[in-house]
S.K.: 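Take a look at this one; I'll ask things after.
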Amino acid sequence: MKKSLAVLFFLSLSLAVSSKTITVCPQCEINSIKKALQLAEDGDTILIKKGLYREGNILVKKSVKLIGEGYPVIDGEKKYEVITVKANNVVVKGLVIQNSGKSDIEDIAGIKFFRTKNCRIEDCILKNNFWGIYFAASKNGVIKNNRIFGPAKLSYLKSAFGTRIETNFGNGIHLWHCKNMLVEGNHVKNHRDGIYFEFVKNSTIINNVSEENLRYGLHFMFSHRDNYINNTFRKNGAGVAVMYTKHVYMARNRFEFNWGASSYGILLKEIYDSYMYHNIFYKNTTGIFADNTNRTKIIENDFIENGWAVRIWANSQDNLFKHNNFIANTFNIVTNSFQNPNTYIENYWSDYKGFDLNRDGYGDVPYRPVSLFGYFTENYPQSIILTRSFFIYLLDLTERMFPMLIPSKLVDEKPLMRRYEWSR
């Protein structure tokens with residue numbers, strides 16, 4: 001055992017001694033990143049000094065570190081994929097990667113990692129790239145503290161084209177068929193989708209801001225056992241979409257200002273056995289839209305000043321809504337069915353008019369969150385023009401006193417009298 005430890009120690013020492021740093025700068029003997037890569041060996045560090053580097057596509061096929069000093073600019077001249085990584089254990093840090101090419105048949109990126117393990121990109125700035133950071137068929141990768149700004153500005157697109165042309169733009173952070181990935185502390189803006197996961201398992205998205213993207217702030221499909229924690233998704237074209245997935249943990253995220261005819265705080269489509277906890281839905285057209293969402297726990301979330309707090313279709317079953325706060329939403333719950341295959345219990349509803357005579361903290365009269373007008377708007381969208389009219393007020397009041405049309409079983413039997421306090 002002692003001999004084995006000694007051998008490992010000397011091997012690691014020899015590797016440390018043999019690795020070297022190659023310096024690249026416009027005035028240096030080595031003034032090209034490609035030249036430095038030719039001279040480098042596995043384990044070496046390439047230190048790139050401040051400057052502008054236009055070298056076409058930079059292909060990394062060795063396990064090296066590309067470290068920028070003073071944020072050197074690597075420019076793709078709107079022709080090339082700027083950096084392509086096809087080696088394990090590569091680190092990219094402190095670079096400005098900009099102006100990638102564009103293609104209708106290839107996913108050209110600012111930087112692409114293809115079939116890699118243990119690679120990381122951090123503290124980089126990516127600007128005006130077709131795709132930003134792209135990982136494909138990779139494991140154990142880290143995407144941390146990067147700023148990723150694309151060309152898909154919503155205000156420009158609306159004024160120039162009238163409609164949004166989504167196929168002209170790629171995603172900010174794009175992961176396909178990956179495992180054990182970490183996406184942490186990034187700021188993504190003005191791409192098609194801010195963060196995109198497809199066939200990505202056992203991964204975490206934490207402490208990111210994804211805003212003003214053309215379509216979704218976060219879009220993921222067929223990605224199981226992932227965690228989404230403490231992110232902000234703001235002012236995105238369609239909000240967030242979670243599709244065809246099971247065992248998802250979504251906690252302490254903010255979904256805010258996602259407004260539009262097809263915008264949601266979050267769209268849940270064919271989601272199973274998942275958990276939503278301590279999220280805030282603020283001023284979205286729809287907070288949660290649930291389509292075929294099953295066995296999901298939605299606990300201790302805030303729904304504040306949304307158009308529809310929750311739209312849940314009849315094909316969503318066995319979900320639990322508990323200890324949520326519904327405050328000043330136009331509609332709290334709407335559904336397209338007279339049945340209620342879900343459980344609503346101990347939530348706070350700001351428009352609840354009941355009393356608590358025994359002072360146990362719960363209303364003495366059950367609360368029915370679906371209004372007659374909400375039922376009509378879900379089945380006859382054109383009726384929305386009557387919102388807040390005196391006629392609708394009388395209609396809802398009559399229906400609550402003598403319920404006939406709204407789902408009689410969709411009821412919170414123990415509505416909270418005060419807002420449920422959870423640590424924000």
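The analysis underlying the following values was restricted to heavy atoms, covering all of them including side chains, and did not include hydrogens, waters or symmetry mates.
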S.K.: Quick check: does any side chain N or O of D360 sit under 3.5 Å from a backbone N or O of Y362, one acting as donor and the other as acceptor?
M.R.: yes
S.K.: Quick one, I74 and I58 - any side-chain contact, counting heavy atoms below 4.5 Å?
M.R.: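 Side chain of I74 against side chain of I58, heavy atoms only: contact under 4.5 Å found.
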S.K.: Establish, from distance only, whether the side-chain atoms of T116 and S138 form a donor-acceptor pair under 3.5 Å.
M.R.: yes
S.K.: Taking T232 for its side chain and R254 for its backbone only, find out whether a donor-acceptor pair lies under 3.5 Å.
M.R.: no
S.K.: For A109 and E81, which heavy atoms make the closest approach, and how far apart are they?
M.R.: N-OE2, 3.0 Å
S.K.: Who are the salt bridge (charged side-chain N to carboxylate O under 4.0 Å, His left out) partners of K65, not counting sequence neighbours?
M.R.: none
S.K.: Under 6.0 Å from the CZ atom of R147, do we count more than 12 heavy atoms belonging to anything else shown?
M.R.: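 Counting neighbours around CZ of R147, 12 or fewer heavy atoms of other residues, nucleotides or ligands fall under 6.0 Å, so no.
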S.K.: Decide whether H174 and W131 meet the rule of one side-chain donor and one side-chain acceptor closer than 3.5 Å.
M.R.: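 W131 and H174 do have a side-chain donor-acceptor pair below 3.5 Å.
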S.K.: Donor-acceptor check, side chain of K112 to backbone of G132, threshold 3.5 angstrom: yes or no?
M.R.: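 Not a single qualifying donor-acceptor pair exists.
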S.K.: Would you confirm whether D44, through its side chain, and S19, through its main-chain N or O, come within 3.5 Å as a donor-acceptor pair?
M.R.: no
S.K.: Does E300 use its side chain to pair, donor to acceptor, with the backbone of H323 at less than 3.5 Å?
M.R.: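 Such a contact is absent between E300 side chain and H323 backbone.
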S.K.: Considering all heavy atoms of both residues, which atom of V209 and which atom of R234 are nearest to each other, and what is their separation?
M.R.: CG1-NH1, 4.1 Å
S.K.: Both conditions, 6.0 Å and 45 degrees, for the charged tip of K283 above the ring of F257: are they met here?
M.R.: no
S.K.: Does the side chain of N118 come under 3.5 Å of the side chain of N88 through a donor N or O and an acceptor N or O?
M.R.: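 No - no donor-acceptor pair under 3.5 Å links their side chains.
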S.K.: Give a yes or no answer on whether the side chain of Y352 reaches the backbone of V365 with a donor-acceptor pair at less than 3.5 Å.
M.R.: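 A pair under 3.5 Å: yes.
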S.K.: What closest approach, in Å, do F233 and G217 show between heavy atoms, and which atom pair accounts for it?
M.R.: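 Minimum heavy-atom separation between F233 and G217: CD2-C, 4.0 Å.
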S.K.: Kindly assign one of parallel, tilted or perpendicular to the pair Y196 and H219, based on the angle between their ring planes and the thresholds 30° and 60°.
M.R.: perpendicular
S.K.: For the residue pair E69 and I48, establish whether any side-chain heavy-atom pair is separated by less than 4.5 Å.
M.R.: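 Not in contact.
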S.K.: With side-chain hydrogen bond (donor to acceptor under 3.5 Å, both in side chains) as the test, would you mind laying out the steps for N258 and T285 before giving the verdict?
M.R.: CA-CA 6 Å; N258 298 293; T285 300; over 6 Å; no
S.K.: Just by distance, do the side chain of N190 and the backbone of P151 share a donor-acceptor pair under 3.5 Å?
M.R.: no
S.K.: Tell me if the centroids of the rings in H187 and F149 come within less than 6.0 Å of each other.
M.R.: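 For H187 and F149, the ring centres are under 6.0 Å apart.
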S.K.: Hey, mind stepping through F135 and F114 against ring pair (Phe, Tyr, Trp, His ring centres under 6.0 Å) and telling me if it holds?
M.R.: CA-CA 6 Å; F135 274 80; F114 184 72; over 10 Å; no
S.K.: Using only heavy-atom distances, determine whether the side chains of N332 and Y367 contain a donor-acceptor pair under 3.5 Å.
M.R.: yes
S.K.: Answer whether the closest heavy-atom distance between the side chains of I125 and I97 falls below 4.5 Å.
M.R.: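 Contact flag for I125/I97 side chains = no.
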S.K.: Looking at R215 and D193, does any basic side-chain N land under 4.0 Å from a carboxylate oxygen?
M.R.: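 Yes, charged N to carboxylate O under 4.0 Å.
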S.K.: Do N315 and D291 have side-chain atoms, one donor and one acceptor, less than 3.5 Å apart?
M.R.: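 Yes, a side-chain donor-acceptor pair sits under 3.5 Å.
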S.K.: Would you say the side-chain atoms of D42 pair up with the backbone N or O of S63, donor to acceptor, closer than 3.5 Å?
M.R.: yes
S.K.: Pick one: which of N324, N230, N301 meets side chain to side chain donor-acceptor pair (under 3.5 Å) with N279?
M.R.: N301
S.K.: Can you pull the ring-ring contact (aromatic ring centres under 6.0 Å, His included) pairs that have at least one residue in residues 51-70, sequence neighbours excluded?
M.R.: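 Passing the test, one end in residues 51-70: no pairs.
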S.K.: Going by atom types only, do N294 and Q317 share a side-chain donor-acceptor pair under 3.5 Å?
M.R.: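 Short answer, no.
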S.K.: Taking atom types as modelled, find out whether W259 and N284 have a side-chain donor-acceptor pair closer than 3.5 angstrom.
M.R.: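 No, no side-chain donor-acceptor contact under 3.5 Å.
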S.K.: Under a 3.5 Å cutoff, is there a donor and acceptor pairing between the side chains of D302 and Y282?
M.R.: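 No.
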S.K.: State whether a side-chain donor-acceptor pair under 3.5 Å links S32 with E55.
M.R.: yes
S.K.: For the pair H278 and W422, name the ring-plane relationship: parallel under 30°, tilted 30 to 60°, perpendicular over 60°.
M.R.: parallel
S.K.: Tell me whether K127 at atom NZ has more than 12 heavy atoms from other residues, nucleotides or ligands lying less than 6.0 Å away.
M.R.: no
S.K.: State whether F289 and R311 meet the cation-pi test: NZ (Lys) or CZ (Arg) under 6.0 Å from the six-membered ring centroid, and within 45° of the perpendicular axis.
M.R.: yes
S.K.: Check for a donor-acceptor pair, side chain of N231 on one end and backbone N or O of N207 on the other, with a separation under 3.5 Å.
M.R.: yes
